Every structure is written in C-alpha cells, then in structure tokens.
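A short write-up of the structure that comes next.
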Number of protein chains: 2
Amino acid sequence: MAFSEDTSTNIDTYDVVQAFKNSQLCKVCESENARMNFSVLCCPPCKVFFRRNARMDLNTNQCIYDGHCDVTVKSRQICRYCRFKKCLSVGMQRELIRASHGPQNRLRVNNKQLATKNSLTNISRNRIIFSLDVIPTLNLLRNDRSLLTVEQWSLLSNVVNVYDAKSPVANVRNILSIQSSFPPKIRLKIAATNMMDIIGSQFVAVYSFVEVIPEFAAMPPSGQATLMERNILNTGGYSGVVIFREAEVCSSEVFQNGFLSKYGSQLTNEVTKVIGRTPMDLTLLKLLIPIVMFSTCSDVVIPVIKNVDRDNITREETGFLPNTKHLLKIQNIYVEIMFKYMIYRYGYDEATMRFAGIIKHFLDQSMCSKHANEVQAHAEMVETIVIESERLLISKDRIDQ
Amino acid sequence: MAFSEDTSTNIDTYDVVQAFKNSQLCKVCESENARMNFSVLCCPPCKVFFRRNARMDLNTNQCIYDGHCDVTVKSRQICRYCRFKKCLSVGMQRELIRASHGPQNRLRVNNKQLATKNSLTNISRNRIIFSLDVIPTLNLLRNDRSLLTVEQWSLLSNVVNVYDAKSPVANVRNILSIQSSFPPKIRLKIAATNMMDIIGSQFVAVYSFVEVIPEFAAMPPSGQATLMERNILNTGGYSGVVIFREAEVCSSEVFQNGFLSKYGSQLTNEVTKVIGRTPMDLTLLKLLIPIVMFSTCSDVVIPVIKNVDRDNITREETGFLPNTKHLLKIQNIYVEIMFKYMIYRYGYDEATMRFAGIIKHFLDQSMCSKHANEVQAHAEMVETIVIESERLLISKDRIDQ
DNA sequence: GAAAAAGGTCACTAGGTCAA
DNA sequence: TTGACCTAGTGACCTTTTTC
Ligand SMILES: [Zn+2]
Ligand SMILES: [Zn+2]
Ligand SMILES: [Zn+2]
Ligand SMILES: [Zn+2]
C-alpha cells in the first residue's frame, strides 16, 4: 500500500516536473517547451536554428529592415539576422557546437525512398562530386634543369628541408588530436589556451626557420631584429596558413571552435577560405617566406630580377645595418630561384598565372593577418615572441664572439 | 513475406497520399495541386502572386471593373486587385513573408546550351570550384558564343578596332627607328625630345580613343573634362604600357636610353618589368581602358556586375554631370563584356586567374604612373594635354549646337 | 542506465531564376 | 508580369553521445 502510494505520488511528481519543463519559455522567441541548449533555455527550433547559422557573420550580413526586428514565436522566421543576433545576446555559445556524428543507421524507411527505390537516379544525384583540383603534371621541361644552377637547386632544397624540419605541423596535429580526445566540457576549457599555443608556434617556427638562413645569419643582430619586427606579421601569418593547410585543420572541429572563439566569425570564415585556396605547390610558398622576410617594407614587394651576382654580397661588409640595396640583393637570390623554378616546372604561361594566384593568396592572407592583429591577445603574443627572439639573437651573437 | 506486404502497403499509402495532395484545390483560384502557403491552401502561382504583391495598397489601387471580378484558374490573370483581395480574404498572411535569402550563387548554363551539349559537359559546368589552382584545361565552351549577346560582341569588336585605329604604335616604332639611324652623338641630342613625343602620344591617343566611345560622347563637355582629369594618368599610363608592349620597345636601345635619362633608373627598371609582364591577351587590356576611364575615383574600382539594363542609360537625361550611379552603369556595360569574354575564352577557372594577373599588372602600372608623374616634365606635359583636350571638347560641343 | 543535450533526416514551404 | 522549376531554410521527430 505504501508502495503503491509512493508510486502514484512519484508519477504525479514526474508529471508535474514534465509539465513544468514544457512550460519553460524560450529565451529567444518566447515559445514553450524550452530546454537547455547551448547553455541557454530555448525551444528546439531555436536550437537547430542556432546550430545552422553559427558561422553567420553579423558584420557583413545585415538586417534588411532596421536591425531591430521582433523575435517572437510568430515573427522569428522573418529576419534571420535579428534572430541570430538575439541568440547570441541571450548567451548561446557557439563553442558548444560539436562535430558531426556522421550518418546514422536508420531503421525507419521513409515513404519516398520506398516509392522510388527502384530508380537509381536519386543515388547518383546525391553523390558528392569530388574536387577537380589536380596535381599539376610536369611539363616537357622536366629533364631540363638548365634554368636553375646546381647551387640554386641545392639552396632551394635546403630551404624546403629546413622549413619542414622546423615546421610545427606535427605539433599542431598533436595538440588538436589530444584536445579532441578529451570529453567536451574539458575540451572547452582548454580550447583557448591551446589555440594561442598553436598560433604562437607559427611565429616561433618562422623565427627558428629564418634564423638558419645563411644571409640572415650573416647579419648583425640589430639588423635581424629590425627585419623580424618589420616582417613577422606577414611571414608568421603566411607560414601559419601553409602549416594549417598541411595539418588539415579545416576539418578539425576543435580548431574551428577555438579559432572562432578567439578571433570571431568574420575572421574565421576568411581564414578558412584562404586556407582552402592555398596554392597546391607548397614548395613555392615556403620559398616565398624568406623573400617576404627580406622585404624592405612590410607590404610585400616582389622586386625586379636584376643582374644579381651572389658573390657581391659576401664581398660587402656585413657589419652594417641592413640597407635597402643589400636587402634587395638577398631577396633577389630567392626571387630568382622562385621564378626559375616556376618556369622550369610549369612553363612560362602557366607560371605567370600561378604566380598571380600565389600573390592573390598572399595578399588575402596579409589582410587576415592584419585583422588578427587587432585582437589584443594576438598582438601581445606576437610582441612577446618578437622581444624574446631578439633577446636570443643578441645573446647568441655574444656567445659567438 | 511480412516485409513485402509492408512495402507494398507503404507504396500504396504513399501514392494515395500524393494523389490526395495533388487533388487539393486552391482557395484562391480553385486550381489543383494546392499546398499550404502563407497559412492557406493554395496553388504555387497564387503563392508567388501573393508574395510579389504583398505591398499592394487596396485603397489606392482600384479594380477597373466593378470590384467583384471572378478569380478562377482561367480568369485569375484578368484583375490583379481582385485576385489579391481574394488572397487576403481567404486568410493569406503577409506576416509569413520572410526576408530575402539573398542571391543564390549558382552559375547555370541556359537551356539552349544545355540542349546542345551532352550530359557530361553539364555536370562539369554546373560544379564550379572556386579555386585559383586548377590547371587550365581546354574548355568546352570555347566555341560557344552565347555568353555574349550579338550587341556585346559588336561593341567589343568596335572598342578594339577603334583603339587600334587610334593607336600610336606605328608612330612609336617610326620615331625609334629614325632616331636609331642617326649617328650616336646626334641621337643623344634628340633623345629627350623624342621620348617626350612618344610619351605624349600615349596620352593624346587615349583622348582620341575615349572621345569616340558612345557613352563618353553622350556626356556634356564638363563631365567629359572631369573624367579626363580624373583618370588620364591611369588610362594614359596603362595604354602606354600596352602600346610599348606592342611596339616591343624593351628591345630598343634608343628607347631604353631615352627613358632612363628622363625618368631615372629605378622607374626604367620597373617599367621594363611591367611591360615584360603584360598579359598576353591584349583585347582584354584594351577593354579595360574604357572601364578605367569611367571610374568614379582615380584608384581603379572594378564594380560588381549588377542588373544593368543598357536602355536605362539612354533613357536618362544626358545633360547632367556624370554622377556615380550613372558612371557605374556605363562601366558595368564594359565590365560585363570583359567577364563574359574571359569566361567564354578561357573557361571560368582560368578566367579567374587571368583576371588576377591583369589586375596585378594594372596596379603595378598604376604605381609606375604615379612615380612618373613625379617627374616635372611629365606632369607638365600631361597637364598641357588635358587642358588642350578640354578646350577641344568644349569647342566641339559648340560646333555641334 | 536514465536524463540531458548534442547531431541527423526529411517533408514542407519559404525565396530565387529565367524564359515566355 | 507570370509561372514552371530550382535552391535553401524550418522544424517535427528521430538517433547518438555525454553526463551524472
Ligand atoms: Zn525559440
Ligand atoms: Zn532584422
Ligand atoms: Zn491559385
Ligand atoms: Zn477586379
């Protein structure tokens, strides 16, 4: 008796609890049946709406009305921008969005599939068409290495090897894979720190890469420091894009969420685009990094190939601050290799087009780097790395002497 | 056994349900195939009719008959006002109209093209991958001129023909060959004068080219003068680069020396580089000149192709100064031709790359023009030409009247 | 192991496009 | 201006993962 009473009481309690839950109002649209979703009480429609629009950029996408659309259960479909703005304003967190589970094993078969199960057209229509990006085949010049001298070939190969040796791509992959093995709540906690570690490693890597380039090593520490300060943003950002492409971060949910929460949706979208459009031939991009590092101004300048004789440089005194002329000569060493390599590999016409593509990509990246540096944490980190590396450069110089 | 029974039942049910749906009648016009639209059972045509006319004001827009027109599937087009009145009376809700999705980015081939191509072509054409890195392949659209209308083709051909007719390329070749036939001492004496003649002829040529462009000719002389002043440096410089490429001045020692003495070594090097990197397809470059000339500011702006109807322009009064909107419309005529021509000629992917190359080249040239104008003799000469051409424009206008 | 809170599926109905 | 045909956004209903 006591038991049955208890049971019925429990059932009552349960019903009351359920009724209470169903009466909870959505913080976004005020409809009923709200639950906790992405850390805010809201209705299922608003939950799925938020997930689908999480990457909307409110800066470029604007409300076509006055920007103060009402968001109620009746009017919530009228303006996506104001609805999403309200989602954010009531505190829904993009960071709680997880990666896709992948396709489900559904037991239920839907009517339409049954009705059309004999026709194969549906299958072929839904098939994903794979990217048309093809690795370029070498042209007929393949066996003609006369454009690049033996010294140039070995310099090229050294640059790429050193870059890969210093590359933080394994580190990035490692951080991301460890982080994604944690449960979601903890993942969220360490996301911000990990992201800054990843970004920071890009700049440190550029420093340790450039440091061993002979022409850079031959400079006095003050000159090295000047170049670092001047060009670290572009080289670090660019190197970052190359590394992110190699590490395939765009498919990592952890990376996307971390970047989103640190840099905002606009920059995340742009960076994702830029990474996705990275030219295929990474050799060229790696070669571009020293070229940019030896720039005489922070805006990239690809100088004319003049008649450069490399001996001239070693003959000059190296005890001076880097002057424009001297820098141009160094830069030209690498520019010459780059152009000759491109012409050798792709032929003149295609080389021109590829070059245009690389420049466009670099400029896009440059814009992103500029915007990234408007984030205070980012700017401070870069500054710290520059100061630290300058200290190292000077102390090394002392040891050498 | 149980499965097959279930299956057939489901198929039957599905078919029955579909048949029922298709037999539903529109509450507005009584046609079949009605669904729920804006909270009322109605047919697709009535749905789009309601959305398109949602802002109609029934108080000011009156029926031209008695206000009681029949609205049936046959008669629904007769009277918009009564049809819309009925839409409201059966309960269609304007509140359910949502904000625009914005333009869909699909690049579809039109039906004529679809019909003439095999299916394989369609698949590859409809999936456009936005990447600068695709190897240009032979494009199947190469022989399909349907992208550009007949009017656009003839305008394109006119622009190029007029440009070539006014081109000083023969003049440049002539001056250079005469000069190089003189003995070295005399050559040196006349070098400076000849160089300014050559440079001057570039700017005069642009004036006489632009002058016959219909949209330019239709403007009042004050507007023409404004555009000339604003854009002469870029158009003249750019046209110069094109002409110099055609005249192959880079291989002329006389030209090199003359330029060197007038503009200094830095600019000579840069200009030589820019001329050397001129994109191959000169048609596009010639088309770019009117586009730049109709720019609303002197820094180049390639506007988006919006919905341009050329008729609109001729309908507008031409007696005013060129305003931004008007200029953009004119510019868009040529921008549209340029893009369509590039896509027609090179296919989408390669067109993108070539476009990037052209813009890069233009910007390089722009930098050179800016530097060239820092040379006093150059700036004075350009100013003289502008003043002279303005005088001509105004006097012509008087003769016309 | 159950509740909570993620993500997946698909029918439905918005809006966009283009040619008549 | 109209309407056939297209793509895209919504939300009910479901499965999977995480938390406790
Ligand atoms: Zn809601
Ligand atoms: Zn709004
Ligand atoms: Zn109807
Ligand atoms: Zn009527």
Side-chain angles (χ1 to χ4, degrees), chain A residues 14 17-18 21 24 26 29 31 33-54 56 64 73 76-81 83-84 92-116 122 125-126 182-188 253, chain B residues 14 17-18 21 26 29 31 33-54 56 73 76-80 83-84 92-93 95-115 126 307:
Chain A
Y14 180 77
V17 168
Q18 286 303 105
K21 279 177 185 166
Q24 294 279 76
C26 170
C29 72
S31 77
N33 201 22
R35 299 286 150 87
M36 284 303 273
N37 292 114
F38 306 109
S39 87
V40 164
L41 255 184
C42 74
C43 63
C46 287
K47 159 191 141 184
V48 56
F49 173 85
F50 182 74
R51 190 176 57 223
R52 284 172 174 149
N53 292 281
M56 186 194 296
I64 58 165
V73 62
R76 67 191 179 200
Q77 289 121 330
I78 291 177
C79 178
R80 297 172 57 219
Y81 307 109
R83 190 181 184 182
F84 185 65
M92 293 179 82
Q93 290 180 274
R94 287 184 283 217
E95 292 79 5
L96 293 171
I97 296 174
R98 298 178 195 163
S100 165
H101 292 152
Q104 299 179 329
N105 315 322
R106 295 205 107 191
L107 295 173
R108 196 168 61 102
V109 190
N110 69 60
N111 293 329
K112 205 177 174 184
Q113 277 173 4
L114 275 173
T116 58
N122 283 344
R125 254 201 333 174
N126 291 332
F182 282 115
K185 279 266 165 78
I186 302 173
R187 207 185 293 172
L188 200 64
E253 168 238 338
Chain B
Y14 179 74
V17 168
Q18 287 301 105
K21 280 177 185 166
C26 172
C29 72
S31 77
N33 202 22
R35 299 285 150 89
M36 287 301 274
N37 293 114
F38 305 108
S39 88
V40 164
L41 254 184
C42 73
C43 64
C46 287
K47 161 190 134 183
V48 305
F49 173 84
F50 180 73
R51 189 178 59 231
R52 284 170 176 154
N53 292 280
M56 186 194 295
V73 62
R76 67 191 180 200
Q77 284 127 329
I78 293 174
C79 177
R80 296 172 57 216
R83 189 183 185 183
F84 186 65
M92 293 179 81
Q93 292 178 271
E95 294 76 28
L96 294 177
I97 295 175
R98 301 177 188 169
S100 162
H101 292 156
Q104 297 178 328
N105 40 340
R106 61 169 161 165
L107 273 167
R108 285 182 50 207
V109 216
N110 54 38
N111 290 334
K112 273 182 202 165
Q113 288 170 355
L114 279 172
N126 285 332
N307 296 324

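Note on naming: letters A, B, ... go to the chains in the order of the sequence lines (proteins, then strands), and numbering restarts at 1 for each one. A quick note: this is a predicted structure, and the numbers were derived from the prediction, not measured.
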Within-4.5 Å side-chain heavy-atom neighbours: A:Gln24 and A:Arg35: no
Nucleotide nearest B:Asn37 when distance is taken to its side chain, options C:dT13, C:dA6, C:dG15: C:dT13
Whole-Å distance separating the CZ atom of A:Phe49 from the P atom of C:dA14: 17 Å
Any B:Gln77 side-chain nitrogen or oxygen under 4.0 Å from OP1 or OP2 of D:dG3: yes
Side-chain N,O (A:Arg51) to OP1/OP2 (C:dA6) below 4.0 Å: no
So which protein nitrogen or oxygen atoms get under 3.5 Å of nucleotides 16-20 of chain D's nitrogens or oxygens?
unit_1	atom_1	unit_2	atom_2	d
D:dT19	OP1	A:Lys185	N	3.4

Integer-rounded Å distance: C:dG7 C1' and A:Asn53 CG: 16 Å
Any A:Cys29 side-chain heavy atom under 4.5 Å of A:Arg83 side chain: no
Sugar-phosphate, base or nothing in reach of A:Pro45, heavy atoms under 4.0 Å: sugar-phosphate
Out of C:dT9, C:dG7, C:dA6, whichever nucleotide has its closest atom nearest the side chain of A:Leu96: C:dA6
Distance in angstrom units between B:Phe84 CZ and D:dT2 C1', rounded: 16 Å
B:Phe38 and B:Phe50 aromatic ring geometry - parallel, tilted or perpendicular at 30°/60° bounds: tilted
Distance test, side-chain N/O of A:Arg83 to OP1/OP2 of D:dG11, below 4.0 Å: yes
Rounded interatomic separation in angstrom, taking CE from B:Met36 and C1' from C:dA14: 14 Å
Gap between atoms NZ and P, on B:Lys47 and C:dA14 respectively (whole Å): 7 Å
Sugar-phosphate, base or nothing in reach of B:Arg80, heavy atoms under 4.0 Å: sugar-phosphate
Distance, rounded to the nearest Å, where B:Met56 contributes CE and D:dT1 contributes P: 10 Å
Polar side-chain contact B:Arg52-C:dG15 base: donor and acceptor under 3.5 Å: no
Residues which pass ring-ring contact (aromatic ring centres under 6.0 Å, His included) with A:Phe49, listed by chain and number, not counting sequence neighbours: none
Close side-chain approach of A:Val48 and A:Arg52, heavy atoms under 4.5 Å: yes
Spacing of A:Arg35 atom CZ relative to C:dA6 atom P, expressed in whole Å: 13 Å
Whole angstrom value for the distance that separates C1' of C:dG7 from CZ of A:Phe50: 15 Å
4.5 Å side-chain heavy-atom contact, A:Met36 and A:Cys42: no
Worked check of salt bridge (charged side-chain N to carboxylate O under 4.0 Å, His left out) between A:Glu253 and A:Arg187: CA-CA 11 Å; A:Glu253 168 238 338; A:Arg187 207 185 293 172; 3.5 Å; yes
